[in-house]
Trainee: 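Quick one: the structure is below, and I'll ask about it shortly.
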Amino acid sequence: MSVTEQKELLTKNKQTLENSSRRNFLKNLGIVGGGLVVGIPLTGCASVQLPNTMDSDLQPNALLQITANNDIYFYLPRSEMGQGVYTGLTTVLAEELDVHPGKIKVKNVGAHDEYANPEYGLQLTGGSNSIRTHFIPLRQMAANVRMVIRQAAAQELQLPLDQIQTDDGMIVANGKKWPYGAFSEVAAHLSLPEETPIKKKSDFKYIGKHSKRLDSVAKSTGSAEFGLDVEFAGLHRAALKRCPVLGGTVKSFDDSKAKSMPGVKAVVSIFNGVAVVADHYYQAKAALPVLDVQWELPETLSDFSSDSTEAGNGKQLFKDALDSDEADNAYQEGNGREALTTSDTVVSAEYWAPYLAHATMEPMNCTAKFTGDQLEIWTGCQNPGVAAKLAAFYGDVAKEDVTVHSTFLGGGFGRRIANDYVAEAVSIAKASGLAVQLIWSREDDTKHDYYRPATMAEFQIGLDKNGNIDSWNVKRSGPNILPYTMDEVADAMMPGFLPDGMVDWISKAGFSLFDGWTVDPTSVEGLFEDYDANHKSADHVTVDPGLPVGFWRSVGHSFSGFFKESMMDEVAILQQQDPVAYRLKHLKHNPRLANTLKLAAEKAGWGKPLPKGHYHGVAVHSSFLSYVTEIAEVSVNNGQINVHKVTCVVDCGLAVNPEIVIQQMESGILFGLTAALYGEITVKDGAVVQSNFHDYPMLRMHESPDIEVVIVESDEAPTGVGEPGLPPIAGAVGNAIFAATGRRLRSLPLKLS
Amino acid sequence: MISFKLNGQTVNVDAPGDTPLLWVVREHLTLKGTKFGCGMGLCGACSMLIDGVSSRTCIMPVQAVANRNITTIEGIGNPQMMSTLQNAWVETDVPQCGYCQSGQIISATALLSQNNNPSDNDIDIAMSGNLCRCGTYPNVKKAIKRAAADLRKGKGRLQVVQVFDPTANASPETQGVQS
């Protein structure tokens, strides 16, 4: 099938998506049915061509290479975007290889199936699962490799295996030492063992101990390469004028003025806008204002204004959906909502969270270069495999002819799971015939995101005569992320198939997504799971104004943590019970979360006197298999909210690198505080209103509270840390504001005036 | 032709006078350590020292720095020879995604060059123009204090002298170096 035919089929399939159920669409794509494929081929032979490979190298797979010079290369299968996998995964590998992590040379990899995330079957970094899903496979692989080197040494030195030991990258035998590399060639010709025993926790040298981040030197000297830093002879810069209303397309344009601007080499129309290609970025950007473009506006979104108070618009759209009888059930336990009829008291409240942009510090960008039919792209993204396929689609070349060069990511937070900038850069390079680096301005980045979905939810909590929770009922209205993700993935994957692991990725919370095809799990996650109740129900109504939505750090938990924890506080306070004690009473089936709460209350001095005018608020939340409690110390002066201190206790199982766990808790808290205090994307006639950091502000250092993080000692398997620090913070601050003022804030961002 | 000193060496650049210094340094002189974040002087990713003052170069026309001294992160130190602050950054594990850190280190360098014993408030004031989306602020603060303590003990330097050689990786229109 030619690429043109593929595109026709794709268009047809997209129509199918609109016209029939999504389940049928997925069937057409061939992703429904078939088993879940889990596991990366860590023990197989590499089919990836690694750089500078010599016959004398031991290269057991696509991730590891040991040269005769004893250079040990680790090809990092996950994307480093600040969360620490560069250090964490290297530490995991180093432990079983028995080499200090600092001696391993870590390389960012391109795109290849062998770098698939074991849980998703895609080369995707997200969902706070990198350490968790690689913890055993990487160690097993490294243990096997250490064993084969010992076997090679035993053979070469003609000694029994048990006399061959290792120490920090050296073979030790008969009181002498040889570098691993001395045996790499022999080891490369032995068959790799598969089931070498891995270490017990008590034998760990590097895991769980303090070790420095391995990317700090590069990132402290300006020498770490990000996508924006790519440079080569003949590279041009591009800026793109997009429709102010997302999803709009070019009707017509006049480029006569733009073409005569200094440095401009080409003006080209692509699928979503008109691009200027110039020698330098500032030249391309300067030409955009004189480029006259007429747009074909998308219907639904153009009618939407988030501040509108008209019926069927603005928040009313969400409210009407919530109040309607329409609902898909996402979860039911006991008698669900019916149990409300026998409750002694019912407590109800409605909550709101707005759209949010990601605002990574590095704006979106991608570099694309054609050499004949060969296409190279340079980008830092969370999803290089899909990027490669998307590049092939928009570049009209075979997938095999695309090479991806990955860089560090100047922030991800879920934004770089989408690859829209890759599609744009490739389209511009294709249309202009020039090698281009597409650079988004901050305004582009703020106005053309895949936003955190705006969400409204109503709780109805049924209490028994003792004031304890009998039934927990919640209904959410808002857009779902899945259709927007599917749209891009469909472009990337046509006409073939999606890997089976994709099924797991998009149904990761274990709901019967593909059986019932009712609710996108990320739309309701975190709203109902944590607390004990005899009866539970979670319902969902989709309402979508058409603004593209995507994965935003902690995804559904980013709003559900605030909603659920504020609601719990309301109930406790109505019952005149202490918020910590009342929560503990309802966490009998959630002992790890309860434990973090007890520790945090102790650490923060819950119930003890605070400085005058300071108040505590507490929130707990489990997400990405980790458990977090946060207690915020807040004061309110003339309507100004000041967050002085946050005490955070996290149970993330075994902490592979405790310092990075602390960093990630701080990071999640501060990211969440920006959202809690400032974050709001509004829409007027379909166009995003905010543009840059003056109207979409970020927390600055002087607004940043003291943060104390305690990690629960644990022998459990490691779980997520990149996201779980975020969900509790808005609730903790909101609850402290209630303690300080008696005002219950049910909308984000938290505002007193 | 506009002439200024970059990391100790005089450079001549053929660019329109209103071109932001950031893009002259990144694209004409191909020094990539200084980053683009907002284009409005709001985030500090583009910070360079102009005569020792941390300045937002995404809004600084290159003609305004004619004959002045510009220092970028590359002029502070390099992986082989880091400044006191850069060492403190590594020892404190400051960077996460790392994108804003060049700007953070530039602003911290400017602070410590004026004050080797800054209070929390001094640090807040000096650093409030540098956004970090990863939330490295607590560790930035720790690292600044650590470096200040080192400097007070006479350990290390705020700036390690660099030899800038634009001929090594210059773009075609870059002009020669005067020493």
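Since the structure is predicted, the reported quantities are computational estimates derived from the model, not experimental observations.
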Trainee: When heavy-atom pairs shorter than 4.5 Å are enumerated against chain B, which of Leu670(A), Asn692(A), Val217(A) gives the highest number?
Mentor: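 Of the candidates given, the most pairs with chain B belong to Asn692(A).
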Trainee: Are the side chains of Lys35(B) and Glu362(A) in contact, using a 4.5 Å heavy-atom criterion?
Mentor: no
Trainee: Side chain, backbone, both or neither: which part of Glu443(A) has a non-hydrogen atom closer than 4.5 Å to chain B?
Mentor: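 Side chain of Glu443(A) only, per the 4.5 Å heavy-atom cut-off to chain B.
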Trainee: Chain B heavy atoms under 4.5 Å from Ile439(A): which part of the residue, side chain, backbone, both or neither?
Mentor: side chain
Trainee: State whether the side chain of Glu27(B) and the backbone N or O of Tyr281(A) hold a donor-acceptor pair below 3.5 Å, judged by distance alone.
Mentor: yes
Trainee: I'd like to know if the side chain of Tyr137(B) and the backbone of Leu699(A) have a donor-acceptor N/O pair within less than 3.5 Å.
Mentor: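 Answer holds: yes.
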Trainee: Taking every heavy-atom pair that is under 4.5 Å apart, which of Glu703(A), Arg237(A), Gln83(A), Glu231(A) has the most such pairs with chain B?
Mentor: Arg237(A)
Trainee: Rounded to the nearest 0.5 Å, what separation is found between the CD atom of Gln96(B) and the OG atom of Ser667(A)?
Mentor: 4.5 Å
Trainee: Is there a side-chain contact between Cys58(B) and Tyr282(A), using heavy atoms and a 4.5 Å cut-off?
Mentor: no
Trainee: Under 4.5 Å from any heavy atom of chain B, what part of Phe413(A) do you find: side chain, backbone, both or neither?
Mentor: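 Just the side chain, heavy atoms under 4.5 Å.
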Trainee: Quick check on Met81(A) against chain B: is it the side chain, the backbone, both or neither that has a heavy atom closer than 4.5 Å?
Mentor: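 The backbone, not the side chain.
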Trainee: Hey, what's the ring geometry for His280(A) with His28(B), parallel, tilted or perpendicular (30° and 60° as the breaks)?
Mentor: parallel
Trainee: Val94(B) versus Ser220(A): any side-chain heavy-atom pair under 4.5 Å?
Mentor: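 Not in contact.
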Trainee: Which atoms of Ile123(B) come close to chain A, meaning under 4.5 Å heavy atom to heavy atom: side chain ones, backbone ones, both, or neither?
Mentor: both
Trainee: Let me know if Ser211(A) has heavy atoms under 4.5 Å from chain B in its side chain, its backbone, both or neither.
Mentor: backbone
Trainee: Using the side-chain contact (heavy atoms from CB on, under 4.5 Å) rule, pick out the option among Asp124(B), Asn121(B), Asp120(B) that qualifies with His702(A).
Mentor: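 With His702(A) as partner, side-chain contact (heavy atoms from CB on, under 4.5 Å) holds for just one option, Asp124(B).
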Trainee: I'd like to know which of Asp229(A), Leu409(A), Thr360(A) tops the heavy-atom pair count under 4.5 Å against chain B.
Mentor: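 Highest number of heavy-atom pairs under 4.5 Å: Asp229(A).
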Trainee: Hey, what do you get for CE (Met698(A)) to SG (Cys38(B)), rounding to the nearest 0.5 Å?
Mentor: 11.0 Å
Trainee: Where does Leu228(A) contact chain B at under 4.5 Å (heavy atoms): side chain, backbone, both or neither?
Mentor: both
Trainee: Output the distance between atom CZ (Arg700(A)) and atom SG (Cys43(B)), rounded to the nearest 0.5 Å.
Mentor: 8.0 Å
Trainee: Under 4.5 Å from any heavy atom of chain A, what part of Asn130(B) do you find: side chain, backbone, both or neither?
Mentor: backbone
Trainee: With respect to chain A, which residue among Gly135(B), Gly129(B), Pro95(B) yields the maximal number of heavy-atom pairs within a distance under 4.5 Å?
Mentor: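 Between Gly135(B), Gly129(B), Pro95(B), the count favours Pro95(B).
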Trainee: Could you tell me whether Lys209(A) atom NZ has more than 12 heavy atoms of other residues or ligands within 6.0 Å of it?
Mentor: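 More than 12 within 6.0 Å, yes.
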Trainee: Chain B heavy atoms under 4.5 Å from Ala359(A): which part of the residue, side chain, backbone, both or neither?
Mentor: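 Both backbone and side chain.
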Trainee: Checking heavy atoms, do the side chain of Phe408(A), its backbone, both or neither come under 4.5 Å from chain B?
Mentor: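 For Phe408(A), neither part sits under 4.5 Å from chain B.
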Trainee: Mind checking the OG-CE spacing from Ser704(A) to Met127(B)? Nearest 0.5 Å is all I need.
Mentor: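 The OG atom of Ser704(A) sits 12.0 Å away from the CE atom of Met127(B).
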Trainee: Is it the side chain or the backbone of Asp215(A) that comes within 4.5 Å of chain B heavy atoms, both, or neither?
Mentor: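 Side chain only.
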Trainee: Is the shortest heavy-atom distance from the side chain of His694(A) to the side chain of Met40(B) under 4.5 Å?
Mentor: yes
Trainee: Could you measure the distance from the CZ atom of Arg133(B) to the OG1 atom of Thr674(A)? Nearest 0.5 Å is fine.
Mentor: 5.5 Å
Trainee: Is it the side chain or the backbone of Glu659(A) that comes within 4.5 Å of chain B heavy atoms, both, or neither?
Mentor: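 Only the side chain of Glu659(A) comes within 4.5 Å of chain B.
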Trainee: Between Gly33(B), Cys97(B), Cys134(B), which residue shows the highest count of heavy-atom pairs closer than 4.5 Å to chain A?
Mentor: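 Among Gly33(B), Cys97(B), Cys134(B), the one with the most close pairs to chain A is Cys97(B).
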Trainee: Shorter than 4.5 Å, heavy atoms on both sides: which option in Thr34(B), Val90(B), Leu42(B), Asp93(B) has the most such pairs with chain A?
Mentor: Asp93(B)
Trainee: Roughly how far, to the nearest 0.5 Å, is the CD atom of Gln104(B) from the NZ atom of Lys219(A)?
Mentor: 14.0 Å
Trainee: Do Glu91(B) and Lys212(A) have side-chain heavy atoms sitting under 4.5 Å apart?
Mentor: yes
Trainee: List the atom of Thr221(A), the atom of Pro79(B), and the distance in Å for their closest heavy-atom pair.
Mentor: OG1-CG, 3.6 Å
